[in-house]
Amino acid sequence: MEQTDTLSRIYDDETLRVALRRLMELDSRFEGLFAAHDLSISDVPLRARPPTLETLCEIVTSQVVTRQVADLLWGRLSAHIDMDNSSAILRATDDAFLAAGLTRAKMRAMRGLAAAVDNRSLELPALPAMDADEAVAHLTQVKGIGPWTAHIYLLFCVGHLDVFPAGDVALQSMLQAVLHLQERPKAREAAHLAKPWAPLRGVAARALYAAYGAKRAGAGQPI
């Protein structure tokens, strides 16, 4: 078990529980949020994903589409291209990407990632040692990789404690609820509102995602 004062990242269920307890000590409103959605700390899913090129490309696939559409596109793409092999991605034709239903912008982003991994200008194994701003800058140097993609990768693949995907509508919606706002905040305001939760903004994001999932499940909507 990783002690509270030495917690550096979330990598298993126990470190997630430790981090969530720290968040609730920092801001008791999360206790109210969990109670409102009949959640406990143990209900927050780890959602850990491998810190690989393949996972990063899968996150690119999910940009600005629903989860169901993203799964469909990724299934088609990964059936024909080895998406964890930078050379295979660079060898793949335009037709292979477009036939899977990807946009040209996403195709270019994936090729950019593969090229950056190939020439070592993008070092995915180095990300856990970087602070939030440095890690985001390292990922977004690749054209087509924006803050949302970088934050999601750092949150669920690296286990970073202090990244907040402020452009995510789900998080914006739950920020409105937990902070009792009249309107859903836009990305810039959401990022500002999350600042008091530093250095646990990533933990706050996980808590808000869990509440959002519970809210949608209660309404009979797909998560």
Side-chain angles (χ1 to χ4, degrees), residues 1-27 29-31 33-63 66-68 70-71 74-75 78 83-84 124-132 135-136 139 147-175 177-178 194 197-218 221-223:
M1 172 177 170
E2 193 161 347
Q3 296 299 316
T4 301
D5 58 353
T6 61
L7 186 67
S8 58
R9 65 186 180 90
I10 294 168
Y11 56 84
D12 61 11
D13 288 329
E14 182 56 30
T15 50
L16 175 56
R17 287 192 288 269
V18 169
L20 287 165
R21 285 193 289 269
R22 287 182 60 182
L23 176 67
M24 289 182 176
E25 291 170 1
L26 180 66
D27 190 334
R29 287 175 295 188
F30 281 97
E31 293 183 4
L33 180 71
F34 275 38
H37 295 285
D38 196 25
L39 289 171
S40 69
I41 284 176
S42 60
D43 292 323
V44 180
L46 182 62
R47 293 177 63 184
R49 303 173 69 183
T52 62
L53 172 62
E54 182 175 26
T55 307
L56 187 48
C57 287
E58 186 176 358
I59 294 169
V60 170
T61 303
S62 67
Q63 293 171 348
T66 65
R67 179 73 266 164
Q68 291 79 6
D71 289 344
W74 183 251
S78 58
M83 296 303 296
D84 203 31
L124 297 180
L127 290 170
M130 298 181 186
D131 65 25
V136 171
L139 285 164
W148 181 85
T149 300
H151 286 150
I152 293 297
Y153 183 83
L154 291 169
L155 194 62
F156 296 115
C157 301
V158 179
H160 206 294
L161 290 171
D162 199 35
V163 293
F164 193 85
D168 194 300
V169 173
L171 291 188
Q172 293 169 1
S173 174
M174 295 316 298
L175 272 175
V178 76
W197 297 324
L200 299 173
R201 284 173 288 188
V203 186
R206 288 173 179 269
L208 294 171
Y209 277 132
Y212 181 79
K215 179 180 178 181
R216 289 179 65 86
Q221 298 175 349
I223 300 172

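We use all heavy atoms of the structure for the numbers below, so side chains are in, but hydrogens, waters and symmetry mates are not. Here the structure is a predicted model, which is why all the values come from computation and not from measurement.
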Participant: Answer yes or no: is there a side-chain heavy-atom contact under 4.5 Å between R29 and L33?
Facilitator: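 Not touching, per the 4.5 Å side-chain cut-off.
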Participant: Quick check against the 3.5 Å criterion: does D43 have a side-chain atom that pairs as donor or acceptor with the backbone of S40?
Facilitator: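 The answer is yes, because a donor-acceptor pair under 3.5 Å joins these two groups.
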Participant: Can you check side chain to side chain contact (heavy atoms under 4.5 Å, CB included) on I152 and S62, steps first, answer last?
Facilitator: CA-CA 11 Å; I152 293 297; S62 67; over 6 Å; no
Participant: Closest heavy-atom contact between P128 and V158?
Facilitator: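 Heavy-atom minimum between the residues: CA-CG1, 3.8 Å.
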Participant: With a 4.5 Å limit on heavy-atom distance, are the side chains of P165 and L171 in contact?
Facilitator: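 Yes, at least one pair of side-chain atoms sits under 4.5 Å.
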Participant: Do the non-hydrogen side-chain atoms of V44 and Y209 ever get within less than 4.5 Å of each other?
Facilitator: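 They are not in contact (no side-chain heavy atoms under 4.5 Å apart), so the answer is no.
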Participant: Roughly how far, to the nearest 0.5 Å, is CG of L161 from CZ of R201?
Facilitator: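 With rounding to 0.5 Å, CZ (R201) is 11.0 Å from CG (L161).
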Participant: To the nearest 0.5 Å, tell me how far L208 CG sits from L175 CG.
Facilitator: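 Rounded to the nearest 0.5 Å, the CG-CG separation comes to 5.5 Å.
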Participant: Less than 4.0 angstrom from a charged side-chain N to a carboxylate O is my criterion; do E25 and R22 meet it?
Facilitator: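 Answer for the salt bridge query: no.
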Participant: Looking only at heavy atoms, which two atoms of L23 and A204 are closest? And how far apart?
Facilitator: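 That would be CD2-CA, 3.6 Å.
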Participant: If you draw the axis of the six-membered ring of F156, does the NZ or CZ of R47 fall within 45° of it and under 6.0 Å from the ring centre?
Facilitator: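 R47 over F156 ring: yes.
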Participant: Is L139 close to L127 at the side-chain level, that is, under 4.5 Å between some pair of heavy atoms?
Facilitator: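 Sidechains of L139 and L127: in contact.
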Participant: Nearest 0.5 angstrom please: W74 CH2 to E54 CD, how far?
Facilitator: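 One gets 5.0 Å once the value is rounded to the nearest 0.5 Å.
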Participant: If we only count heavy atoms from C-beta on, is the R9 to T15 side-chain gap below 4.5 Å?
Facilitator: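 The answer is no, as the side chains (C-beta and beyond) never meet within the 4.5 Å cut-off.
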Participant: Might you point out which heavy atoms bring A211 and M174 nearest each other, and give the distance in Å?
Facilitator: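 Smallest heavy-atom distance, with atoms named: CB-CE, 3.7 Å.
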Participant: I'd like to know if the side chain of T55 and the backbone of P50 have a donor-acceptor N/O pair within less than 3.5 Å.
Facilitator: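 Between the backbone of P50 and the side chain of T55 there is a qualifying donor-acceptor contact (under 3.5 Å).
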Participant: Is the shortest heavy-atom distance from the side chain of L124 to the side chain of P51 under 4.5 Å?
Facilitator: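 No, too far: nothing below the 4.5 Å cut-off.
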Participant: Measuring from L20:CG to I41:CD1, what's the distance to the nearest 0.5 Å?
Facilitator: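 One gets 5.5 Å once the value is rounded to the nearest 0.5 Å.
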Participant: Give the minimum heavy-atom separation between P45 and L16, together with the two atoms involved.
Facilitator: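 Minimum heavy-atom separation between P45 and L16: O-CD2, 3.8 Å.
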Participant: Could you tell me whether a side-chain N or O of R206 sits under 3.5 Å from a main-chain N or O of L155, the two making a donor and an acceptor?
Facilitator: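 Looks like yes, one N/O pair under 3.5 Å.
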Participant: First locate atom CZ of R49, then atom OH of Y153, and finally report the distance between them rounded to the nearest 0.5 Å.
Facilitator: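 Going from CZ on R49 over to OH on Y153, the span is 10.0 Å.
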Participant: So, taking the atom named CG in L26 and the one named CE in M24, what distance separates them when rounded to the nearest 0.5 Å?
Facilitator: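 One finds 11.5 Å between CG of L26 and CE of M24.
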Participant: What is the minimum heavy-atom distance between M83 and S78, and which atoms define it?
Facilitator: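 The pair with the smallest heavy-atom distance is CG-CA, 4.2 Å.
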